[in-house]
Amino acid sequence: MSDISITLPDGAKRSYAVGITGGAIAGDISKSLGKAALAVKIDDRLADLSEPITSDASLQIVTIKDEADALELIRHDCAHIMARAVQEIWPDVKVTIGPVIENGFYYDFDRDEPFSTEDLAAIEKKMGEIINLRDTVRTEVWDRDRAIAFYEESGEPYKVELVGMIPEGEPIRMYWHGEWQDLCRGPHLAHTGQVPADAFKLMSVAGAYWRGDSDNTMLQRIYGVAFRNRQELKDYIHLLEEAQKRDHRKLGREMELFHLQEEAPGMVFWHPNGWTLYREVEDYIRRRITAAGYREIKTPQVVDRKLWEASGHWDNYQENMFIVEVDEDHAREKRINALKPMNCPCHVQIYNQGLKSYRDLPLRLAEFGSCHRYESSGSMHGLMRVRGFVQDDAHIFCTEDQIAAETESFIKLLSSIYKDFGFENYDIKFSTRPKVRAGSDEVWDQAEAALESAVQRVTNDYEIDPGEGAFYGPKLDFKLTDALGREWQCGTFQADFVLPKRLGAEYIGEDGAKHTPVMLHRAITGSLERFIGILIENYAGKFPLWLAPRQVVVASIVSDADPFVMKVVETLQATGLRAEADIRNEKINYKVREHSVGKVPVILAVGMKEVADGTVSMRRLGDKGSEVITLEEVTRRLTLEARAPDLV
RNA sequence: GCCGCUGUAGCUCAGUGGUAGAGCGCACCCUUGGUAAGGGUGAGGCCGAGAGUUCAAUUCUCUCCAGCGGCACCA
């Protein structure tokens, strides 16, 4: 039998018999490495220690120190161990799939009884026992018929289905954790004892549809987190707790920004503080888009169904629309209207007034458009997903030749605006033509190329979602992440070849003939509500001065200082600062604490010393100390600092 | 919409088959205190809505509504 050459990461080459396993090589290199080995990377592919190596290869022994790979293995084995634990406790439960996810893993089970919190504790305990057994993990590749027969025999219908779905030519890999068996792509650890017994935790149970399809059975998904050691788990739990403190729903209440209530689910009651923030954001966006050549418009809320029939929404979107009817007994004529779920058809109506020339294009019509959508009850989430919201919407009517330039300038505008709001990181998704679509392939080719090349001129950091475009055109989505790592689509840029034609939009071209313009739907914040929700979490409520609803509190230390406090407040207010007085009969400690909790960026304390000198004692949110400065100086500094980024 | 959990004072939460309690907040009084909670007194609840079981329901059961965690959806 001939030997094969194994190249190690340090470049050293070793010669072994064909069929040697990574585990054996690790043990050969050193006894301790053999023990520490979790898996191997054969030619950069993560594999089991037990996998025979049959040709020359580069080899890396993966140990707990290789964070990404180790976590992947630990979490994957955790999922299997959890499934084994569940089936050991409840043998009738059917197993399905259990992948690794960010920070942990889940496994979907089919069980009639719901899993309770106590059940989770029992499963965790059983998992600890399985880990302590240090059961060997072994694997075999089976042929399809044998695997299907096996799962039919053992009463695992979901596994039968999964085996059937594995493409021809791919190995059907069977794994055993001790006696417990699962179908899995692998790789896995060498034995269950390699999972750290004190570094995982089961977090929650949730419903999830089999294969992600709401027509299928709902399974029970158990989520867990897992790390390399106890400390990492503790750190993660701590991080989670900190993130929960930034929840915009919690801060919204604490900072008196907004509230939601039962009588209007998914509709926001903005309070004075929150509305101040909202207006600050809106005013800023308005200045930016005006500077970028948009014209602002305003269109109706309640629109006759005829327009929605013409636009296609009546047929395709009706279940999400609020239908408005006038009481028949009192109305002279009965009309059925809908609250607009989006602004596009209304914008086309404005475009259609008067004959347009190619010289008018690109025409950029913008609206802070109030939209209502009847979102499903389970999908609503604080400000992030609501039923009544305002889009910073705009539609650019242009020629096909203008798409590329408009796309590029939009991306630049968006990234500049996101930066001003403190968002340096966001995901860009490029969605291409779906199977069912309108428009010719040539037009799609051109539009996709225009969008993608425009993105590439700005950044290479984007993902492609093949087939995820709208039926009317390709799109770019810009996603921001909330405190708990959930992604929310905010910005969007969509080319539309359908609606302008449907609603009869035209322009007279250079050739004197009528043409249909392309319509570019675009939004930067997506919805002001959602954007502000993320903004709150991103800043943890500690807004920069220009956005802070309450910018300055001037607090008296003794009541004899009250008149000067009022003078300071008036001076600051005269420059446009949002300043308020706190001359309550409370100690300065109390006032400082209360306004710190309220996340007021600047507290100015005034005692008799300050009155005598014409100064204030300035304390910044989060700072320990304070600084005594003159009224003139503090006014100058704060006024400067409170300017919006585009006005600096 | 689906699965699970939750709904008690403005907020955070205890609690019980015999119509309720804490802390914070709020009001009033005392206190004028130098940078994250001074003290006292007091007010405040249709125990999410409806129905059922029961002598009696905030408590048990059912239905509905809303919220939370997911899933699905997200022009």
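Order of the sequence lines sets the chain letters (A, B, ...), proteins ahead of strands, with each chain counted from 1.
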At less than 4.0 Å, is any side-chain N or O atom of [X] found next to OP1 or OP2 of [N]? Yes or no.
{"X": "A/Arg249", "N": "B/C68", "result": "yes"}
{"X": "A/Arg530", "N": "B/C74", "result": "no"}
{"X": "A/Tyr590", "N": "B/G25", "result": "yes"}
{"X": "A/Arg620", "N": "B/U35", "result": "no"}
{"X": "A/His381", "N": "B/G69", "result": "yes"}

Out of B/A75, B/A36, B/A72, which nucleotide sits closest to the side chain of A/Val592?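 So the nucleotide nearest the side chain must be B/A36.
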Between [M] and [N], how far apart are the [atom1] atoms? Round to whole Å, please.
{"N": "B/A75", "M": "B/C2", "atom1": "C1'", "answer": "24 Å"}
{"N": "B/U58", "M": "B/U54", "atom1": "C1'", "answer": "15 Å"}
{"N": "B/G15", "M": "B/G21", "atom1": "C1'", "answer": "7 Å"}
{"N": "B/G39", "M": "B/A51", "atom1": "P", "answer": "47 Å"}
{"N": "B/A27", "M": "B/C64", "atom1": "P", "answer": "42 Å"}
{"N": "B/A37", "M": "B/C24", "atom1": "P", "answer": "14 Å"}
{"N": "B/C55", "M": "B/G40", "atom1": "C1'", "answer": "45 Å"}
{"N": "B/U8", "M": "B/A20", "atom1": "C1'", "answer": "8 Å"}

Can you check the [X] [atom1] to [N] [atom2] distance for me, whole Å?
{"X": "A/Asp215", "N": "B/C71", "atom1": "CG", "atom2": "P", "value": "18 Å"}
{"X": "A/Glu241", "N": "B/U12", "atom1": "CD", "atom2": "P", "value": "18 Å"}
{"X": "A/Ile603", "N": "B/U35", "atom1": "CD1", "atom2": "P", "value": "13 Å"}
{"X": "A/Arg385", "N": "B/A72", "atom1": "CZ", "atom2": "P", "value": "12 Å"}
{"X": "A/Ile123", "N": "B/G4", "atom1": "CD1", "atom2": "C1'", "value": "14 Å"}
{"X": "A/Leu240", "N": "B/G69", "atom1": "CG", "atom2": "C1'", "value": "12 Å"}

For A/Tyr223 and A/Asp315, take the nucleotide of RNA chain B holding the closest heavy atom to each; which residue's nucleotide lies nearer the 5' end?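 Its nearest nucleotide being more 5', the pick is A/Tyr223.
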RNA chain B: A/Ser204 or A/Ser596, which has the more 5' nearest nucleotide?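 So the residue in question is A/Ser596.
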Does the side chain of [X] come under 3.5 Å of the side chain of [Y] through a donor N or O and an acceptor N or O?
{"X": "A/Ser559", "Y": "A/Asp562", "result": "no"}
{"X": "A/Gln87", "Y": "A/Glu156", "result": "yes"}
{"X": "A/His271", "Y": "A/Glu256", "result": "no"}
{"X": "A/Ser556", "Y": "A/Lys591", "result": "yes"}

State whether the distance check finds a donor on one side and an acceptor on the other, under 3.5 Å, for side chain [X] versus base [N].
{"X": "A/His595", "N": "B/A36", "answer": "no"}
{"X": "A/Arg211", "N": "B/C71", "answer": "no"}
{"X": "A/Arg373", "N": "B/C74", "answer": "no"}
{"X": "A/Tyr209", "N": "B/G70", "answer": "no"}
{"X": "A/Ser376", "N": "B/A72", "answer": "yes"}

Below 3.5 Å is the cut-off: list the nitrogen or oxygen pairs between protein and nucleotides 40-51 of chain B, distance only.
none

By the 4.0 Å heavy-atom rule, please label [X] as base, sugar-phosphate, or nothing.
{"X": "A/Gly212", "value": "sugar-phosphate"}
{"X": "A/Asn316", "value": "base"}
{"X": "A/Ala208", "value": "sugar-phosphate"}
{"X": "A/Gly598", "value": "nothing"}
{"X": "A/Arg619", "value": "base"}

Assess whether atom CD of A/Glu102 is packed by more than 12 heavy atoms of other residues, nucleotides or ligands within 6.0 Å.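 Open: at most 12 neighbouring heavy atoms sit under 6.0 Å from CD of A/Glu102.
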How long is the gap from CG on A/Leu503 to OH on A/Tyr351, to the nearest 0.5 Å?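 Those atoms lie 12.5 Å apart.
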Under 6.0 Å between the ring centres of [X] and [Y]?
{"X": "A/Trp90", "Y": "A/Phe115", "result": "yes"}
{"X": "A/His259", "Y": "A/Trp270", "result": "no"}
{"X": "A/Phe497", "Y": "A/Tyr472", "result": "no"}
{"X": "A/Tyr426", "Y": "A/Tyr418", "result": "yes"}

Taking the six-membered ring of A/Phe410, is NZ or CZ of A/Arg522 closer than 6.0 Å to its centre and within 45° of its axis?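 Not satisfied by the 6.0 Å and 45° rule.
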Short N/O separations, protein against nucleotides 32-34 of chain B, under 3.5 angstrom:
from	atom 1	to	atom 2	distance (Å)
B/U32	O2	A/Ser559	N	2.7
B/U32	O2	A/Ser559	OG	3.3
B/U32	N3	A/Ser559	OG	2.9
B/G33	N7	A/Ile557	O	2.2
B/G33	O6	A/Ile557	O	3.4
B/G33	N1	A/Asn585	OD1	2.9
B/G33	N2	A/Asn585	OD1	3.1
B/G34	O6	A/Met608	N	3.4
B/G34	O6	A/Lys609	N	3.2
B/G34	N1	A/Glu610	OE1	2.7
B/G34	N1	A/Glu610	OE2	3.2
B/G34	N2	A/Glu610	OE1	3.3
B/G34	N2	A/Glu610	OE2	2.6

Which heavy atom in A/Ser596 sits nearest to a heavy atom in A/Leu621, and how many Å separate them?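 Heavy-atom minimum between the residues: O-CD1, 3.6 Å.
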